[in-house]
Every structure is written in structure tokens, then in C-alpha cells.
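Read the structure below first, then the notes.
On a predicted model such as this, the values are computed, not experimentally measured, just so you know.
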Amino acid sequence: MPLIVVAGLPSSGKSSVAAALAEACRALGQDVQVVDEDSLHFKRNESYKDAAAEKQARGALMSAAERCLSRKRTVIFDSHNNIKGYRYQLWCHARSAGTRYCMVHVDTPVESCREWNAARPAEGAYSQEIFEDLACRFECPDSRNRWDSPLFMVRPLLGQVQLQEQVAAVAAAVADRPPAARGAAAGAADHAGAGEAGVAANGGSSAATAAAVGGEAAGILPPIEQILDEPALVLEAKELVPTITTDTSHTKLAATNLQHEIDRAVQRVVEAVAAAQSVAGSGAPGVVTFEATGGSSGALPPLDVYRPMFLPELRRHKRGFMKLATSQTFSRLQDAAAAQRLFIGYLRDQLAQQ
């Protein structure tokens with residue numbers, strides 16, 4: 001399930017948009033979790049009174065969102081999200097989880113935000129100093145950035161009907177649909193024209209704009225099922241694919257003790273060659289066989305040591321292999337025996353070069 005990031009100025013209506021998004025997603029049968037300051041019992045003025053408090057609050061919010069991320073839950077992250085670097089980190093977490101991702105920008109003029117903040121009760125409003133500080137540091141989402149795409153623009157000042165139309169489009173974009181339907185929606189969205197009062201700077205179609213304006217004028221809201229069935233109204237949120245730096249499910253050794261496990265496996269090969277060299281004295285050990293590490297499948301290949309190879313040289317080769325193994329070849333190490341096979345091949349190459 002996706003991560004929906006809601007960004008906007010303070011007191012711009014983000015919480016109302018997040019609540020409407022949660023209701024629309026639940027109507028589609030999704031398990032929804034909203035992560036915001038209230039869910040963590042943060043007080044607004046206390047959380048953003050200085051740089052240290054703001055850093056702690058942002059870290060706690062991001063950690064809560066990361067814990068909630070899964071392929072079975074829709075997470076709505078409702079906060080200022082005013083720094084593009086912070087939004088990039090959220091995008092990276094979504095990519096690591098292999099979920100869909102979209103950005104919702106609540107676009108409300110700062111004058112209206114200032115008025116709405118002043119009209120709030122004292123315990124729920126930002127102080128004037130904190131409001132101005134957060135507002136002046138807001139970095140608007142840009143659909144050209146991959147961590148801000150797909151970008152949906154929601155404008156609460158356009159009215160409740162228009163807001164519900166835009167929220168329904170966001171829910172439709174992240175909804176679970178058959179692959180064929182998602183592909184058709186993506187193709188239609190790519191060829192659709194952009195609409196000003198539509199869903200996003202890069203996403204709304206002219207059909208969506210016309211439907212929204214017409215619906216507001218007539219007081220009729222197109223049901224979300226109609227948006228799902230009409231590909232031209234849907235901008236798809238694509239699933240993010242984890243990269244090798246974030247996905248460790250392909251290797252059994254990818255853990256905190258990775259280097260220790262490789263070192264132990266390689267040391268067994270060194271000891272076997274050193275033992276054969278000790279028996280051979282100053283001559284060549286000949287063909288050396290190795291015993292596979294317990295629990296590993298497959299036998300290890302033998303190594304023909306056709307010249308003397310003493311312990312200092314073996315240690316030097318081990319250091320060179322460890323530098324390569326821990327920086328480049330770790331993705332190929334499925335178990336300890338794989339590390340041993342690679343090291344045996346490494347020794348074979350070193351013998352051939354001399």
C-alpha cells in the first residue's frame with residue numbers, strides 16, 4: 001500500500017485534507033494509518049520552538065511513518081514536509097518498502113493560512129513567530145523531482161465539492177486495481193492534458209477539470225467508482241522498486257556480522273592451504289581440497305597449488321580479497337560457501353599471474 005505525503009504551509013488545511021483522504025481510502029477497502037503530530041501527542045509550538053526541538057519532532061514523525069509502512073497498509077503522512085531533503089528521505093523509505101508513493105500539496109495562500117491560524121483556539125494555533133518561520137522556509141513540491149511525483153495539487157479555497165473531487169482522484173491513484181486497469185489508466189494519464197484547477201501541476205487532465213468545475217456548479221460529486229472506471233481521470237502512483245542498496249532480502253549474509261562471516265569462511269581456506277604447505281615443506285603443496293562450511297550445499301572446488309604458497313602470501317591475498325568482497329561482491333554471497341568459492345577462484349587467479 002502507498003505512502004501519501006501531505007505538504008503545505010502551517011494552518012493551510014492539511015489535517016482536513018488528510019482526514020478526507022483517509023475516509024476516501026477506507027471507502028475503497030484499504031487499511032489506513034494517519035501519522036501526524038497529534039497521533040504522537042506533539043504540541044505544535046513546543047515541537048517547532050527551536051532547531052533542536054524541530055529535529056527531534058521530524059525524526060520521531062519519520063520513524064513512526066517508517067514503522068507503519070507495509071504493502072498492506074496505506075500511510076498518510078500529515079505534517080509540514082516543507083524541506084525537499086526531508087521529502088526525499090520519505091521517498092527513499094517508500095522505495096525500500098517497495099510501496100507506491102505520491103505527494104499531495106495543499107496549496108493555500110499564506111494570507112489565508114495566517115487568518116485561519118489566528119482564528120484557531122490558543123492551544124491549537126501556532127505563535128506568530130513560529131508561523132512566520134515555518135512559512136518562510138517552505139519549499140514548494142516540484143513534480144520534476146522524483147520524490148515529489150506524482151504531485152497532486154489540492155486547493156481548499158475552491159470549495160468543498162472541489163476538495164472532495166481532488167481527494168477522490170488521489171485515492172483512485174493509489175487504489176489497488178487489476179494490472180490491466182492500472183496500465184490503461186497510466187497510458188491515458190500520460191496523454192491527457194494538464195488542468196489548472198485539477199489534481200496536479202503534472203497530473204490533472206482536461207476531462208478531470210471539466211468534471212470538477214461542472215460538479216461544483218451543479219452540486220454533484222462524481223463517485224469514486226466513476227473515477228476508477230474512467231482512465232482519463234486517473235493519475236497513477238507507480239510502485240517503487242527497492243535498489244541493491246536498500247534491498248537485502250537476496251542475501252543471507254547481509255547483516256551486521258557480514259564481514260565477520262566472510263572472514264571466518266575465508267580463513268578456513270587459508271588454514272587448509274597453509275596445512276598442505278606445511279606438509280609439503282619447501283615444495284609445492286599440489287592439489288588442495290576443502291571442506292564446505294556446515295549447512296552449505298555443494299562441494300568446494302579443489303585448488304591446484306603448483307608452487308609454494310606460504311602463510312605471509314596467503315594473508316596478503318586474504319586482505320586483498322576482503323577489500324573486494326565487502327565493497328563489491330557482497331550481493332553475490334548467498335552463504336559462507338559462496339565466499340569460500342570466490343576466494344578459491346581469487347587464489348587461482350593470483351597463482352596464474354605469477
Side-chain angles (χ1 to χ4, degrees), residues 1-7 13-14 16-34 69 71-78 91 94 99-107 141 143 148-156 158-216 218 220-240:
M1 288 295 182
L3 171 62
I4 303 175
V5 178
V6 181
K14 298 186 298 299
S16 299
V17 172
L21 275 172
E23 182 180 355
C25 291
R26 291 191 180 103
L28 296 176
Q30 300 179 14
D31 179 19
V32 180
Q33 177 70 45
V34 178
L69 275 179
R71 300 193 178 188
K72 298 182 179 180
R73 181 186 295 118
T74 298
V75 179
I76 300 175
F77 190 73
D78 173 24
W91 179 83
T99 64
R100 296 191 290 277
Y101 174 93
C102 71
M103 172 66 59
V104 177
H105 179 200
V106 182
D107 186 19
S143 61
D148 289 336
S149 178
L151 174 61
F152 296 85
M153 198 76 73
V154 177
R155 298 183 174 93
L158 294 180
Q160 186 64 26
V161 174
Q162 184 82 347
L163 173 64
Q164 293 297 329
E165 167 77 12
Q166 296 164 346
V167 165
V170 177
V174 299
D176 284 327
R177 286 171 283 148
R182 293 185 66 84
D190 288 340
H191 291 87
E196 286 185 357
V199 187
N202 69 329
S205 66
S206 56
T209 304
V213 176
E216 185 178 23
I220 301 174
L221 175 64
I224 194 168
E225 291 81 3
Q226 176 183 340
I227 296 179
L228 285 173
D229 294 336
E230 183 62 40
L233 297 177
V234 179
L235 172 67
E236 182 186 22
K238 298 181 180 179
E239 292 188 7
L240 301 178

Between the CZ atom in R100 and the CG atom in L3, the distance rounded to the nearest 0.5 Å is 12.0 Å
Could you tell me if the side chain of M153 sits less than 4.5 Å from the side chain of V106, heavy atoms only?
no
I need the R155 CZ to L163 CG distance, nearest 0.5 Å.
12.5 Å
Any side-chain heavy-atom pair of V32 and C25 under 4.5 Å:
yes
List the residues meeting side-chain contact (heavy atoms from CB on, under 4.5 Å) with A18, not counting sequence neighbours, and say none if there are none.
I76, D78
Which is it for V5 and Y101 under the side chain to side chain contact (heavy atoms under 4.5 Å, CB included) test, yes or no, and what are the steps along the way?
CA-CA 8 Å; V5 178; Y101 174 93; 3.6 Å; yes
Donor-acceptor pair, side chain of Q33 and main chain of R73, under 3.5 angstrom
no
Have a look at T99 and tell me which of T74, V174, L69, V75 forms a side-chain contact (heavy atoms from CB on, under 4.5 Å) with it.
L69
Derivation of the side chain to side chain contact (heavy atoms under 4.5 Å, CB included) call for Q30 and R26
CA-CA 5 Å; Q30 300 179 14; R26 291 191 180 103; over 6 Å; no
pair I4-L21: side-chain heavy atoms closer than 4.5 Å:
yes
Give me the atom names and distance for the closest heavy-atom approach of D148 to P141.
OD2-CA, 3.5 Å
Point-to-point distance, once rounded to the nearest 0.5 Å, from CH2 of W91 to SG of C102:
14.5 Å
